[in-house]
Amino acid sequence: MSTATLYRWWKSKEAVLLDAFLARVKPALAPPLEGSPLERLHQSVVRGAEWLRSKDSPVAIRLISDVQEDPRFGDSSRTFLSAARAMNLDLVQQAIAAENCPGNTDADLLIDALTGPLYFGESLDMRR
């Protein structure tokens, strides 16, 4: 494939890398299909934690953090992270509707409490 063909589809080498990363990560973090909404939320968080311990994780964490600082890529990474968050928020809403969680559960706070430590823990700071 020629460079011209690559740049017809992607604006930069970083955009190619981000797209390849997202294609690799999506299947690994696909939402679970079995179980109650609360069980699927649990499985989703556990799978995310397992993935963060995988060999892909250090590169992915560095890429995500670098992309966040580059305004050209912020939309792509936010789209991916927003989709993952929306899936988990939907599971919380389903759990509330199924009365697996109290009706006054703050879905955003619950998702932040479950996933924040995974992504913002001190041990994941790859820039030191």
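These figures come from a predicted structure and were not determined experimentally.
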Shortest non-hydrogen separation from Ser54 to Pro58 and the atoms involved: O-CD, 3.7 Å
Asn100 side chain near Gln94 side chain, heavy-atom distance below 4.5 Å: no
Heavy-atom pair of closest approach, residues Ser44 and Pro32: N-CG, 4.0 Å
Where Cys101 and Thr105 come nearest, the two heavy atoms and their spacing: CB-OG1, 3.7 Å
Non-hydrogen atoms of Arg85 and Asp108 that approach each other most closely: NH2-OD1, 3.2 Å
Residue pair Leu114 / Leu41, side-chain heavy-atom distance below 4.5 Å: yes
Test item: Met87 and Ile111 side chains (from C-beta on) under 4.5 Å apart, heavy atoms: no
Minimum side-chain heavy-atom gap Ile96-Val92 below 4.5 Å: yes
Smallest separation among heavy atoms of Ala95 and Pro37, with atom names: N-CB, 3.5 Å
Arg47 side, atom CZ; Arg40 side, atom CZ - distance, nearest 0.5 Å: 12.0 Å
